[in-house]
K.L.:
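Sending over a structure as structure tokens; questions will come in a sec.
Here is the naming used below: chain letters follow the sequence lines, and residue numbers restart at 1 for every chain. Everything quoted here is computed from the prediction, not taken from an experiment.
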2 protein chains.
Amino acid sequence: MSLRNALLAMLTSQPMTGYDVYKNFQTSVGYVWHAPDSQIYPELRRMEQDGLISGETVPWGKRGTKKRYSITDAGVESFQEWLNTPPEYQRERDPVRLRAAYLEWAEPAASADFFRAHIEYHSARIADWEEMIRTLRDHSNPTLARRIEGKSDEEAERITAYKVFAYEGMIARAEVEIAWAEKGLELVERLGGQS
Amino acid sequence: MSLRNALLAMLTSQPMTGYDVYKNFQTSVGYVWHAPDSQIYPELRRMEQDGLISGETVPWGKRGTKKRYSITDAGVESFQEWLNTPPEYQRERDPVRLRAAYLEWAEPAASADFFRAHIEYHSARIADWEEMIRTLRDHSNPTLARRIEGKSDEEAERITAYKVFAYEGMIARAEVEIAWAEKGLELVERLGGQS
DNA sequence: GAGCTCATGTAAGAAGTTACATGATTTG
DNA sequence: CAAATCATGTAACTTCTTACATGAGCTC
């Protein structure tokens with residue numbers, strides 16, 4: 001159900017078309033939740049059927065049209081209900097740790113590449129999230145700007161702070177991944193792999 | 001494909017029945033990878049068809065039988081190929097961070113409960129993994145004992161070290177989650193939620 | 001012999017991935 | 001006018017979850 005709530009979260013800032021949502025999933029919100037277009041369009045239709053959002057066909061260019069969805073009161077209620085419900089944790093499923101546990105079967109060079117790739121991946125994510133935090137802090141983020149429009153300074157600060165805090169959590173975790181992978185590189189150098 | 005590789009990883013230590021695998025997924029290996037029995041039995045059958053493992057029907061009690069699977073040479077090769085291949089990262093999909101980013105819509109009490117649940121969950125996982133590391137370090141872990149049987153001290157140390165290292169990675173990440181959630185509690189206290 | 005463990009499934013459905021497909025509009 | 005962007009899908013498949021189902025063996 002998180003996809004549905006990610007969509008509701010987005011639509012609390014402003015009405016959007018499926019394509020707008022798709023774009024957001026590739027950048028901003030996509031840094032915490034991603035979904036492909038093949039998942040987005042059908043889900044939006046289902047949500048409209050369930051009354052959580054309402055779609056309005058608006059003209060686009062001369063002949064084209066597009067469908068813009070707005071969150072309904074029932075949608076806001078459903079979103080808040082989700083936020084107020086205790087989280088459910090899924091069982092662990094960590095392919096990276098699974099691999100690491102069996103590196104005695106791997107070639108040392110491949111193991112080193114594996115850790116280097118891990119460091120690179122998480123470094124790139126940190127750069128994304130730091131940039132995101134920057135645009136949140138200086139309010140140059142258009143979605144945030146729309147969101148805090150007409151709100152008091154206190155409210156604007158609160159809205160911003162939670163978003164920054166979420167991305168800070170992502171960064172902190174990625175930093176631990178990098179430190180772990182660096183330890184992994186040392187380990188591989190010291191122990192090697194298959195004999 | 002990680003389920004398949006988790007199964008191969010397990011079977012590198014010793015032949016096992018589907019039920020043995022299921023048990024392991026509830027404890028030891030289950031702390032990095034989990035799968036329900038409804039996924040395990042069909043996957044083992046598919047792996048046998050693909051020649052990665054071979055099943056042997058052995059008697060169990062007076063009339064009962066069970067099927068014990070052993071990894072084949074092709075299975076070891078496939079497992080090593082996976083270990084030697086660069087990792088693929090899936091797009092982010094983090095329900096906890098998604099929620100955190102929108103806590104201005106939640107009730108402060110529910111937000112605090114959310115962070116407290118997060119701390120509790122990760123504290124429990126740390127306890128599991130620390131216990132796991134203990135049984136690996138003192139070689140009282142039966143699966144590890146089987147795995148290092150007849151191996152040199154150096155090899156035994158290497159095998160153990162990678163497993164300990166993997167669990168240490170899980171612990172490090174969980175500790176960051178706890179620290180983040182503690183910051184979250186402060187934030188909620190300072191900022192509150194919906195007005 | 002009751003209750004737990006060992007053993008092995010099926011079935012329905014939700015969630016997510018990958019590939020294929022099409023057409024209008026805007027921009028350089 | 002070509003290329004990029006906007007717009008919206010379908011189809012097949014894999015993965016995972018949840019629930020239902022059954023029966024033998026072992027232990028107290």
Side-chain angles (χ1 to χ4, degrees), chain A residues 1-8 10 15-27 29-30 32-50 53 55-69 82 87-95 98 142, chain B residues 1-7 10 15-27 30 32-50 53 55-69 82 87-95 98 142:
Chain A
M1 288 317 267
S2 282
L3 168 62
R4 182 163 282 211
N5 288 299
L7 294 171
L8 289 175
M10 260 194 243
M16 286 183 186
T17 66
Y19 189 71
D20 292 334
V21 167
Y22 163 70
K23 286 266 123 183
N24 273 294
F25 270 148
Q26 293 200 314
T27 54
V29 188
V32 273
W33 196 274
H34 175 261
D37 52 354
S38 65
Q39 227 190 332
I40 294 166
Y41 290 108
E43 185 63 26
L44 286 172
R45 268 177 279 148
R46 277 191 294 268
M47 288 165 73
E48 189 180 16
Q49 284 209 323
D50 293 348
I53 59 179
E56 167 200 21
T57 302
V58 296
W60 169 57
K62 282 185 198 101
R63 278 158 301 169
T65 61
K66 56 183 179 178
K67 199 157 182 188
R68 184 157 46 210
Y69 293 99
W82 175 67
E88 279 165 41
Y89 293 90
Q90 285 152 297
R91 305 295 295 264
E92 298 294 336
R93 201 167 278 128
D94 186 335
L98 178 62
Chain B
M1 289 315 270
S2 283
L3 169 60
R4 182 164 282 211
N5 288 298
L7 294 171
M10 258 194 245
M16 286 183 185
T17 66
Y19 189 72
D20 292 334
V21 168
Y22 164 70
K23 284 267 122 181
N24 273 292
F25 270 147
Q26 292 201 314
T27 55
V32 275
W33 196 272
H34 175 261
D37 52 355
S38 65
Q39 227 188 334
I40 294 166
Y41 290 108
E43 184 63 24
L44 286 172
R45 268 177 279 149
R46 277 191 293 268
M47 287 164 74
E48 188 180 15
Q49 284 208 322
D50 294 346
I53 59 179
E56 167 200 20
T57 303
V58 297
W60 171 58
K62 282 185 196 99
R63 278 159 301 170
T65 60
K66 57 183 178 179
K67 200 157 182 188
R68 183 156 46 208
Y69 293 99
W82 175 67
E88 279 166 40
Y89 293 89
Q90 286 153 295
R91 304 295 295 266
E92 298 294 337
R93 202 166 277 126
D94 186 335
L98 178 63

K.L.:
Could you measure the distance from the CE atom of A:Met16 to the CD1 atom of A:Ile53? Nearest 0.5 Å is fine.
P.N.:
11.5 Å
K.L.:
Whole Å only: how far is the NZ atom of A:Lys62 from the P atom of C:dG23?
P.N.:
19 Å
K.L.:
Where is the tightest heavy-atom contact between A:Ala6 and B:Leu98, given as atom of each residue plus distance?
P.N.:
CB-CD2, 3.8 Å
K.L.:
Without decimals, in angstroms, what is the distance between B:Met16 CE and C:dC6 C1'?
P.N.:
15 Å
K.L.:
Distance check: side-chain N/O of B:Arg93 vs OP1/OP2 of C:dT17, anything under 4.0 Å?
P.N.:
yes
K.L.:
Nearest whole Å is fine: how far is D:dC16 P from A:Glu88 CD?
P.N.:
18 Å
K.L.:
Salt bridge (Lys or Arg N to Asp or Glu O under 4.0 Å) for B:Arg46 and B:Glu43? Distances and angles first, verdict last.
P.N.:
CA-CA 5 Å; B:Arg46 277 191 293 268; B:Glu43 184 63 24; 2.9 Å; yes
K.L.:
Going 5' to 3' along nucleotides 2-12 of chain D, which nucleotides have protein heavy atoms under 4.0 Å from the base (write B), which only from the sugar-phosphate (write S), and which from neither (write -)?
P.N.:
---SBBBBBB-
K.L.:
Rounded off to whole Å, could you give me the CD1-to-P distance for the B:Ile40 and D:dC16 pair?
P.N.:
12 Å
K.L.:
Between the axis at one end of the helix from C:dG1-D:dC28 to C:dG28-D:dC1 and the axis at the other (five pairs apiece), what's the angle to 10 degrees?
P.N.:
30°
K.L.:
Only counting residues at least two apart or in another chain, list the ones meeting salt bridge (Lys or Arg N to Asp or Glu O under 4.0 Å) with B:Asp94.
P.N.:
A:Arg173, B:Arg97
K.L.:
Output the rounded distance in Å from CZ (A:Arg4) to P (C:dA15).
P.N.:
8 Å
K.L.:
Going by salt bridge (Lys or Arg N to Asp or Glu O under 4.0 Å), name the residues that satisfy it together with B:Arg68, two or more places apart in sequence or in a different chain.
P.N.:
none
K.L.:
Hey, are B:Ser2 and B:Asn5 close enough side-chain-wise for a donor-acceptor pair under 3.5 Å?
P.N.:
no
K.L.:
Starting at atom CZ of B:Arg63, determine the distance to atom C1' of D:dG25, rounded to an integer number of angstrom.
P.N.:
9 Å
K.L.:
B:Lys66: what forms a salt bridge (Lys or Arg N to Asp or Glu O under 4.0 Å) with it, not counting sequence neighbours?
P.N.:
none
K.L.:
With sequence neighbours left out, write down each residue that passes ring pair (Phe, Tyr, Trp, His ring centres under 6.0 Å) with A:Tyr22, or none if nothing qualifies.
P.N.:
A:Tyr19
K.L.:
Quick one: B:Gln39 CD to C:dG16 C1', roughly how many Å, whole number?
P.N.:
13 Å
